[in-house]
Amino acid sequence: METKPTEISSSKMHGGFNKRFRHFSPTLGCFMTFHIYFPPSTESSQKFPVLYWLSGLTCTDENFITKSGAQRAASTEGIALIAPDTSPRGLNVEGEADSWDFGVGAGFYLNATQEKWKNWRMYDYVVKELPELLKENFPQLDTTRASISGHSMGGHGALTIYLKNLDKYKTVSAFAPIVNPINCPWGQKAFSNYLGGNKAHWEEYDATCLVSKFHDLSASILIDQGTDDNFLHNQLLPNKFQEACEKVNAPLLLRLQRGYDHSYFFIATFIDDHISHHAQALKL
């Protein structure tokens with residue numbers, strides 16, 4: 001089956017273009033969509049570093065592109081934004097759409113080990129398939145210079161993927177990430193279904209557990225968390241991650257933003273800081 005991406009929409013913005021693509025994913029066994037924001041180019045040979053954005057529960061590849069306002073800073077800095085979808089779609093697995101926090105729109109950026117959910121391999125899709133697809137089809141992108149960011153479930157994905165692949169990403173940042181999923185209801189529901197009952201497998205996708213294993217973090221981890229976030233104390237648990245980072249002297253900048261909630265209004269307010277955080281490392 002043809003895996004080459006097909007452009008399905010294009011809109012000019014801040015001198016560059018938001019472009020949406022569709023392709024068949026062998027990793028996931030279904031058609032997938034993703035967005036690229038290409039900043040304005042001054043010369044045909046120019047190659048842009050890339051920033052992957054992983055979205056949260058119920059989101060698609062469109063939420064970040066339409067709501068964050070990240071394109072203004074990305075245009076100025078000359079960084080391409082890559083926004084994949086959050087799960088496989090159209091597989092019609094029984095129960096895949098029964099709840100908003102599991103199944104469709106809730107891939108949790110892991111590789112499921114349970115037979116029923118065998119196509120839920122968003123970790124491999126984001127880390128392996130998508131970068132290779134970009135490298136082969138978009139010569140204006142420099143996929144060797146990459147950073148990763150995300151929100152909520154996508155913040156969890158960004159942190160865990162970064163910590164497990166320090167050679168692939170220059171920096172990481174997150175908005176209101178699920179940093180300790182083995183100890184919160186969202187994570188426990190997803191992990192028990194996708195990964196089964198072996199808690200050791202769960203820890204491989206938990207940023208708080210992972211950060212203690214790595215002692216050579218060179219770039220600071222930037223996290224913004226709203227103090228009026230309804231999920232702060234029962235799902236997100238940033239203090240757990242902060243404590244783990246302090247134990248191993250991992251460089252973390254955790255900013256508690258007073259009065260902000262879990263929404264894209266919060267993300268849009270501070271996204272320029274995150275683009276700047278990544279630009280600094282991507283341009284070294």
Task: Criterion ring-ring contact (aromatic ring centres under 6.0 Å, His included) on Y205 and Y194, from CA distance to verdict - done: CA-CA 12 Å; Y205 296 103; Y194 290 138; 9.8 Å; no
Could you tell me if the side chain of [Y] sits less than 4.5 Å from the side chain of [X], heavy atoms only?
{"X": "Y264", "Y": "S55", "result": "yes"}
{"X": "F241", "Y": "I223", "result": "yes"}
{"X": "H23", "Y": "E129", "result": "yes"}
{"X": "L159", "Y": "V172", "result": "yes"}
{"X": "Q140", "Y": "Q46", "result": "no"}
{"X": "E204", "Y": "L195", "result": "no"}
{"X": "L222", "Y": "H278", "result": "no"}
{"X": "F138", "Y": "V50", "result": "no"}

Kindly give the heavy-atom pair with the smallest separation between [X] and [Y], and that separation in Å.
{"X": "G15", "Y": "P40", "result": "O-CB, 3.4 Å"}
{"X": "L237", "Y": "C184", "result": "CD1-CB, 4.3 Å"}
{"X": "I65", "Y": "Q71", "result": "O-NE2, 2.9 Å"}
{"X": "N234", "Y": "P185", "result": "O-CD, 3.3 Å"}
{"X": "S149", "Y": "A174", "result": "OG-N, 4.2 Å"}
{"X": "L236", "Y": "A176", "result": "CD2-O, 3.5 Å"}

Counting only N and O atoms by type, is there a donor-acceptor contact under 3.5 Å from the side chain of [X] to the main-chain atoms of [Y]?
{"X": "T227", "Y": "G259", "answer": "yes"}
{"X": "T208", "Y": "V179", "answer": "yes"}
{"X": "N111", "Y": "D124", "answer": "yes"}
{"X": "T66", "Y": "E62", "answer": "yes"}
{"X": "H277", "Y": "I221", "answer": "no"}
{"X": "N180", "Y": "N183", "answer": "no"}
{"X": "K283", "Y": "E77", "answer": "yes"}
{"X": "S147", "Y": "T171", "answer": "yes"}

Hydrophobic clustering (ILVMFWY, side-chain heavy atoms < 4.5 Å, transitive) - are [Y] and [X] grouped together?
{"X": "F231", "Y": "Y109", "value": "yes"}
{"X": "F48", "Y": "Y37", "value": "no"}
{"X": "L166", "Y": "V127", "value": "yes"}
{"X": "F265", "Y": "I271", "value": "no"}
{"X": "M153", "Y": "L232", "value": "no"}

Straight-line distance of [X] [atom1] to [Y] [atom2], nearest 0.5 Å:
{"X": "S192", "Y": "N198", "atom1": "OG", "atom2": "CG", "result": "12.5 Å"}
{"X": "D101", "Y": "S152", "atom1": "CG", "atom2": "OG", "result": "10.5 Å"}
{"X": "D206", "Y": "H201", "atom1": "CG", "atom2": "NE2", "result": "14.5 Å"}
{"X": "Q257", "Y": "D229", "atom1": "CD", "atom2": "CG", "result": "12.0 Å"}
{"X": "R121", "Y": "S87", "atom1": "CZ", "atom2": "OG", "result": "15.0 Å"}
{"X": "C209", "Y": "I182", "atom1": "SG", "atom2": "CD1", "result": "3.5 Å"}

Got more than 12 heavy atoms from elsewhere within 6.0 Å of [atom1], [X]?
{"X": "K116", "atom1": "NZ", "value": "yes"}
{"X": "K240", "atom1": "NZ", "value": "no"}
{"X": "E94", "atom1": "CD", "value": "no"}

- [ ] Determine, step by step, whether R89 and T60 satisfy the side chain to side chain contact (heavy atoms under 4.5 Å, CB included) criterion, reporting the C-alpha distance in whole Å, the side-chain angles of both residues, the deciding distance to 0.1 Å, and the verdict.
- [x] CA-CA 10 Å; R89 294 183 192 268; T60 68; 3.4 Å; yes
Task: Evaluation steps, ring-ring contact (aromatic ring centres under 6.0 Å, His included), between F64 and H151 - done: CA-CA 9 Å; F64 177 71; H151 171 231; 9.9 Å; no
Task: Among T27, N165, T160, the one residue meeting side-chain hydrogen bond (donor to acceptor under 3.5 Å, both in side chains) with Y123 - done: N165
Open item on the list: Checking D224 against H274: is there a side-chain donor and acceptor pair closer than 3.5 Å?
Closed with: yes
Task: Name of the residue among H14, M13, K19 meeting side chain to side chain contact (heavy atoms under 4.5 Å, CB included) with F17 - done: K19
Open item on the list: Please identify which of these residues, W120, F108, W117, W186, meets the ring-ring contact (aromatic ring centres under 6.0 Å, His included) condition with F102.
Closed with: W117
TODO: Name the orientation class of the two ring planes belonging to F21 and F34 (parallel below 30°, tilted from 30 to 60°, perpendicular beyond 60°).
DONE: parallel
Open item on the list: Can you classify the ring geometry of Y169 versus Y52 as parallel (below 30°), tilted (30 to 60°) or perpendicular (above 60°)?
Closed with: perpendicular
Open item on the list: Quick one, H156 with L54, criterion side chain to side chain contact (heavy atoms under 4.5 Å, CB included). Give me CA distance, side-chain angles, the key distance, then yes/no.
Closed with: CA-CA 9 Å; H156 140 77; L54 306 183; over 6 Å; no
TODO: Begin from the C-alpha positions of L134 and I36 and carry the test side chain to side chain contact (heavy atoms under 4.5 Å, CB included) through to its verdict.
DONE: CA-CA 10 Å; L134 298 176; I36 304 176; 3.8 Å; yes
Open item on the list: Check this for me, if you would: do K118 and E115 make a salt bridge, where the nitrogen-to-carboxylate-oxygen distance has to be below 4.0 angstrom?
Closed with: yes
- [ ] State plainly whether the residues R20 and D61 are in salt-bridge range, i.e. N to O under 4.0 Å.
- [x] yes
Task: side chain to side chain contact (heavy atoms under 4.5 Å, CB included) between K213 and E203, intermediate numbers included - done: CA-CA 11 Å; K213 299 180 180 181; E203 292 179 1; 5.7 Å; no
